[in-house]
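The block underneath contains the structure these notes are about, expressed in structure tokens.
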Amino acid sequence: RLDNILFDRGKISIDDKVTRSDITIVVDPLGKPLPFSEVTGAGGKEQATKAGDYIFGLAVKGRYKGQPLSGSGKIGGMLALRSEGTPFPLQGDFRSGSTRVAFSGTVSDPLNVGGIDLQLKFAGDSLRDLYDLTGVLLPETPPFSTDGRLRADFKQSNAMRFNYRDFNGRIGDSDIHGSLTYTSGKPRPKLTGDLESKQLRLADLGPLIGVESGGGAKKSSARKPGDAAQPAGKVLPADRFETDKWQLMDADVRFKGRRIEHGGTLPISDLATHIILERGDLRLQPLRLGLANGSIAGSVHLQGNKKPLQGEANLQARRLKLKALMPNVEMMQKTLGEMSGDVQIRGSGNSVAALLGNSNALSRQYHPDEHVRMFAEACGAQPVFLHAPAYTSSEEDANIFRETAQYQAVVSQWKKLDLAVVEIHDDSIVQRTAYCGQATAVGYAAGYGMDTAGKMVSLPYTIMRIPLD
């Protein structure tokens, strides 16, 4: 029987018109066997006890799917290909276009390609670029890099399963961690998994909806010449959704952004959603955002299998703090107001701009401060929001507060008002104390309880008041 085969330098040429690939592989003996552990390092100790030695070096150059391809690697010996019990060693570092793929690990039952176990690194300008290389449909992103363990099982008769486990990486300036499973098969391949970002930069989500991420991020090399450029002077993203590709793969992925860096724009603190893509029908359900010290919950549904795309959002905003929602509006920094409401939006179009431009908001609820603003604007008046009343433990504390500049400023503004608008509803404070209910009060004006007829009623607890005179 043959125990070993030695080769001199060899060359393999691949010319594939279907994939537009023209590749030359130069194979050189390493001179002496190289132990698996010396290449993989500490991370490969689990495999090193079973894997064969590296025997040959590879140099690769050419084009793959029209993109420049180059790189180098190492493989085991020829006779090792026959072994079903000894994993065949494999190592490589390749670049295709702007994407880099580096790996080291083993192939089991190599002649039948029973499975692979690799430590795998990806890096590139955009996750979108990986589609031509891997067939996995991923969104447009800023530059990325990941490092994880890829295990694959090719023994199933009707599907192949790839598990990219416990990977860590970055997308733009955001970290990303998690595990993903890609399963080929009919009717469509499917991507499932869980992703998490401990610190997510809000701008890094921009390319998902056609907004530049900034920060020096490069545009994807996969951007086609026909892709729409953002019109000058337009805020809403005009980039078209590639809904034709949505039908190439299904997805079921959960994502959590635990802390979001928003740069003073939209005050989002955290994000969680379940992404479901099936037959071109995309849902974010549920979707939850921490926003302006409150929350927005609901769902988003984009029917990419219809032309034009049909979109619907059902969102519930709860206890959004106005001063946090509008941090650059000086007037709002003096308000303690909150905003809650529900909205259902439906629209059609193949971009964010088209969807929102053609949308119909079926229901809205405004914070009373917003009603006051619109009322004042319709009357040609200037709205002023006063939030002065405060609970005090004693009359002595109340007297001290009355001497403060904040209280005096509110009193001064009160004296200039031509009209005071009282909010009539079940106030949260009313619900907690039940005092107003006992006094038949339904609202406040300058800290005084008022009934439905606008008559002042006394309240059985201490609260700061603005002098009515």
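Distance CG/Leu195 to OG1/Thr273: 11.5 Å, rounded to 0.5 Å. Remark: Asn293 CG to Ser269 OG distance equals 7.5 Å, nearest 0.5 Å. Interatomic distance, CZ of Arg258 versus CG of Leu200, reported as 12.5 Å (0.5 Å rounding). The distance from atom CZ of Arg201 to atom OG of Ser174, rounded to the nearest 0.5 Å, is 7.0 Å. In this structure, OG1 in Thr106 is found 7.0 Å from CG in Leu118, a value given to the nearest 0.5 Å. Separating the CD atom in Glu312 from the CZ atom in Arg283 is a distance of 9.0 Å, to the nearest 0.5 Å.
Pro308 has its side chain out of reach of Lys306: every pair of non-hydrogen atoms, C-beta onward, lies at least 4.5 Å apart. Looking at heavy atoms from C-beta onward, Ser96 lies in side-chain contact with Leu69 at the 4.5 angstrom threshold. Within the 4.5 Å cutoff, the side chain of Met160 has no heavy atoms near those of the Thr183 side chain.
Qualifying ring-ring contact (aromatic ring centres under 6.0 Å, His included) partners for Tyr131, counting only residues two or more places apart in sequence or in other chains: none. Evaluation of the salt bridge (Lys or Arg N to Asp or Glu O under 4.0 Å) rule for Glu278 yields no partner, not counting sequence neighbours. With sequence neighbours excluded, the residues that form a side-chain contact (heavy atoms from CB on, under 4.5 Å) with Lys307 are Thr243. Take Phe255 and apply the ring-ring contact (aromatic ring centres under 6.0 Å, His included) test, not counting sequence neighbours, and it matches no residue. When the salt bridge (Lys or Arg N to Asp or Glu O under 4.0 Å) test is applied to Asp93, the partners found at least two apart in sequence or on another chain are Arg100. Listed by chain and residue number, Asp175, Arg259, Glu261 satisfy the side-chain contact (heavy atoms from CB on, under 4.5 Å) test with Gln199 (two or more places apart in sequence, or in another chain). With sequence neighbours excluded, no residue forms a side-chain contact (heavy atoms from CB on, under 4.5 Å) with Lys186. With sequence neighbours left out, the salt bridge (Lys or Arg N to Asp or Glu O under 4.0 Å) criterion links Arg288 to Asp270. Residues forming a side-chain contact (heavy atoms from CB on, under 4.5 Å) with Asp194 (at least two apart in sequence, or on another chain): Arg254. Residues forming a side chain to side chain donor-acceptor pair (under 3.5 Å) with Lys198 (at least two apart in sequence, or on another chain): none. Taking the salt bridge (Lys or Arg N to Asp or Glu O under 4.0 Å) definition, one finds that Arg188 meets it with Asp250, sequence neighbours left out.
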Exercise. Between Leu90 and Phe103, does a side-chain contact (heavy atoms from CB on, under 4.5 Å) hold up when you go through it step by step?
Worked result: CA-CA 8 Å; Leu90 197 65; Phe103 56 85; 3.8 Å; yes
Problem set entry | Verdict with reasoning, Leu302 to Leu309, per side-chain contact (heavy atoms from CB on, under 4.5 Å) | CA-CA 7 Å; Leu302 300 177; Leu309 179 148; 3.9 Å; yes
Problem set entry | Stepwise side-chain contact (heavy atoms from CB on, under 4.5 Å) test for Tyr182 and Asn163 | CA-CA 7 Å; Tyr182 178 80; Asn163 294 294; over 6 Å; no
Exercise. Can you check side chain to side chain donor-acceptor pair (under 3.5 Å) on Asn314 and His301, steps first, answer last?
Worked result: CA-CA 9 Å; Asn314 291 279; His301 183 196; over 6 Å; no
Problem set entry | Full working for side-chain contact (heavy atoms from CB on, under 4.5 Å) between Thr141 and Asp204 | CA-CA 7 Å; Thr141 68; Asp204 291 332; over 6 Å; no
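Listed here is the closest heavy atom pair of Gly71 and Phe94: CA-CD2, 3.6 Å. Taking every heavy atom of both residues into account, Gln247 and Gly304 meet most closely at NE2-O, 4.1 Å. Leu138 and Leu127 get closest at one heavy-atom pair: CB-O, 3.7 Å. Considering every non-hydrogen atom in both Phe144 and Asp125, the closest pair reads CE2-N, 4.2 Å.
In this model, a donor atom of one side chain and an acceptor atom of the other lie less than 3.5 Å apart for Asp147 and Gln119. For the residue pair Lys416/Gln413, the side-chain donor-acceptor check at 3.5 Å is not satisfied.
In this structure a side-chain-to-backbone donor-acceptor pair under 3.5 Å is missing from Thr99 to Gly124. In this structure, Thr134 contributes its side chain and Leu130 its backbone to a donor-acceptor pair below 3.5 Å.
A salt bridge between Asp117 and Arg151 is present, with a side-chain N of the basic residue lying under 4.0 Å from a carboxylate O of the acidic one. At a threshold of 4.0 Å, the pair Glu140-Arg128 counts as salt-bridged, since one of the basic side-chain nitrogens sits closer than that to a carboxylate oxygen.
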Check residues 164-171 and write down every donor-acceptor pair under 3.5 Å in which the side-chain atom is one partner and the other belongs to a residue at least two apart or another chain.
residue	atom	partner	partner atom	Å
Tyr164	OH	Leu120	O	2.8
Tyr164	OH	Thr146	OG1	3.0
Tyr164	OH	Gly148	N	3.1
Asn168	OD1	His177	ND1	2.7
Arg170	NH2	Asp173	O	2.6

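The one candidate from Ile296, Ile345, Leu289 that meets the side-chain contact (heavy atoms from CB on, under 4.5 Å) condition with Leu315 is Ile296.
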